[in-house]
Amino acid sequence: MRYHVMTFGCQMNEHDSERLAGMLEDLGYQPVDDPAQADVVVLNTCTVRETAETRVYGRLGELKRLKSERPGMIIGVCGCMPQREGAAGEVRRRAPHVDLVFGTHNLDAFPALLREVVEERRPVVAVSDEEGDIVEGLPRRPGDDLKAWVTITHGCDNFCSYCIVPYVRGRERSRRPEAIVGEVERLVAAGCREVTLLGQNVNSYGQDLVEARGGAGFARLLRMIDGVDGLWRVRYMTSHPRDFGPEVIQAVADCGKVCEHVHLPVQSGSDAILDLMNRGYTTARYREVVAAIRQAVPGVALTTDIIVGFPGETEDDFRQTLDLVREVRFDAAFTFVYSPRSGTPAAGFPDQVPQEVKKERIARLIELQNGITREENQKDVGREVEVLVEGASPKNPGKAEGRTRTNKLVLFPGGQENRGELVTVSVQRAGTWVLHGEVVR
Ligand code: 5AD
Ligand code: SF4
């Protein structure tokens, strides 16, 4: 029996997919790359923007054809999309060939739900509203033994006015620090060298745990994880500018394993728009946080998320975003066209921005940021950087690849041989997406 899991969306979903794969392997299924060969195909979906759902329906269309050739194939749809109000019904209507639909809160019930589909040969839908307790110790099949994702909080309490995540992932719940450190220790014992701590807002980690009150929750967790022997690198995402306080900045500066990279979504450079977005900070506060991080962590790389075309965004608001991008000089930015999500406040705001205007603005923003990314990468030319070697580059024959502590992709002559080692690379050339160099040590 073979399975194939397709993942849409963020790292949280990638991580959930590892758990789904782990559960399938516990049931005796083997992974296959080609969905046409699979007995069970699971689509772990995203609903953060309309385009993410469009892609899911596209794949479901392709699978319909495969299933007509192999009627025994079981198709499951899970994750954030079914969790959105009304969407589970939509999936069943638009894609009746789907056998199993389950939400983010039903992940740990997957083996039982799958058994129901197999044994009773009927479609099963399980989407609960309750986030329930955090289930520890679910099996996982890490996609990569060298690097792993570790969830520290589930859900989100921020309710940014455009965002559907709090509605589909539920209230923020922190895992206990001992459970997290225990997981990291087990990963390291199995050969892992780098962990990325995941949460929608890592900076509010622990606020729901009694012993971590006082805002020192995430800072304390970073220090605990920094102490795990055999681990080399610690990353974390996503950070929230409102909650990125001095204790966390100090912990990032003090902890040798914590990498010099902060993903700090700004979303907009206009105070009026930030207010409408319910982000809880001003551009002045954002600039202060950036200055404090750069002061405490020399050489830190800064990346961000930006939404263009939020309801009410004028040309002047948008220009303030461009000004902020020019001033802060992010190493990279993920840019998004605002997508109204039904059930969120912003979907009902007046002054929705026409699609042509959104398209024009995002093109201007991308052009500006790509130039800055190239220039910032150029600064690494002639420098020596530490790279964790991931092995042969899948897309570049004769080259090996890895990442710097600042999370930049580096290509250098080689193959699989130094996988899992830390090497020093002298950077000779830089593009927008990669650095090129040679191993010197
Ligand atoms: N439309 C466009 N972008 C969105 N994001 C979240 N919700 C929306 C939406 N409705 C973006 C934000 C967030 C990133 C993960 O996705 O920039 O930081
Ligand atoms: Fe969405 Fe805001 Fe929570 Fe991020 S912090 S998941 S953008 S509500």
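Since the structure is predicted, the reported quantities are computational estimates derived from the model, not experimental observations. Atoms within a ligand are numbered from 1 in the order they appear, just like the ligands themselves.
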> Would you say the side chains of S174 and D208 form a donor-acceptor pair under 3.5 Å?
Replying inline: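 On atom types as modelled, these side chains qualify, holding a pair under 3.5 Å.
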
>> Parallel, tilted or perpendicular: which one describes the rings of F244 and Y236, with boundaries at 30° and 60°?
In response: tilted

>> In terms of relative ring orientation, are Y167 and F159 parallel, tilted or perpendicular, with 30° and 60° separating the classes?
In response: perpendicular

Where on [X] is there a heavy atom closer than 4.0 Å to ligand 1, on the side chain, on the backbone, on both, or on neither?
| X | value |
| --- | --- |
| I164 | neither |
| I307 | side chain |
| Y162 | both |

> Considering only heavy atoms, which of T238, T51, D305 lies nearest to atom 13 (C) of ligand 1?
Replying inline: D305

> Nearest heavy atom to atom 1 (N) of ligand 1: which of C46, A52, S339 does it belong to?
Replying inline: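 Comparing heavy atoms across C46, A52, S339, the nearest one to atom 1 (N) of ligand 1 lies in S339.
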
> Just how far is it from atom NE2 of H436 to atom NZ of K399, taken to the nearest 0.5 Å?
Replying inline: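 Rounded to the nearest 0.5 Å, the NE2-NZ separation comes out at 6.0 Å.
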
> Is it true that R169 lies under 4.0 Å from ligand 2, counting heavy atoms only?
Replying inline: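 So R169 does not count as touching ligand 2.
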
Ionic contact status for [Y] with [X], cut-off 4.0 Å:
| X | Y | result |
| --- | --- | --- |
| R19 | D108 | no |
| E313 | R361 | yes |
| K395 | E401 | no |

>> Run R175 and E183 through salt bridge (Lys or Arg N to Asp or Glu O under 4.0 Å) and show every step you take.
In response: CA-CA 11 Å; R175 289 179 68 196; E183 181 175 350; 2.6 Å; yes

>> Using a 4.0 Å cut-off to any heavy atom of V337, which atoms of ligand 1 qualify?
In response: 1 (N), 2 (C)

> Relative to the heavy atoms of R341, which atoms of ligand 1 are at a distance of less than 4.0 Å?
Replying inline: 10 (N)

>> Closer than 2.8 Å to atom 3 (Fe) of ligand 2, what protein N/O/S atoms do you find?
In response: C156 SG

>> My understanding is that only residues two or more places apart in sequence, or in another chain, count here; which of them pass ring-ring contact (aromatic ring centres under 6.0 Å, His included) with H4?
In response: none

> Nearest protein heavy atom to atom 7 (S) of ligand 2, by residue and atom, and its distance?
Replying inline: Y162 OH, 3.3 Å

> Are any of the N or O atoms of Q267 closer than 3.5 Å to those of ligand 1?
Replying inline: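 Such a contact does occur with ligand 1.
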
>> Please report whether the ring centroid of Y338 lies less than 6.0 Å from that of Y162.
In response: no

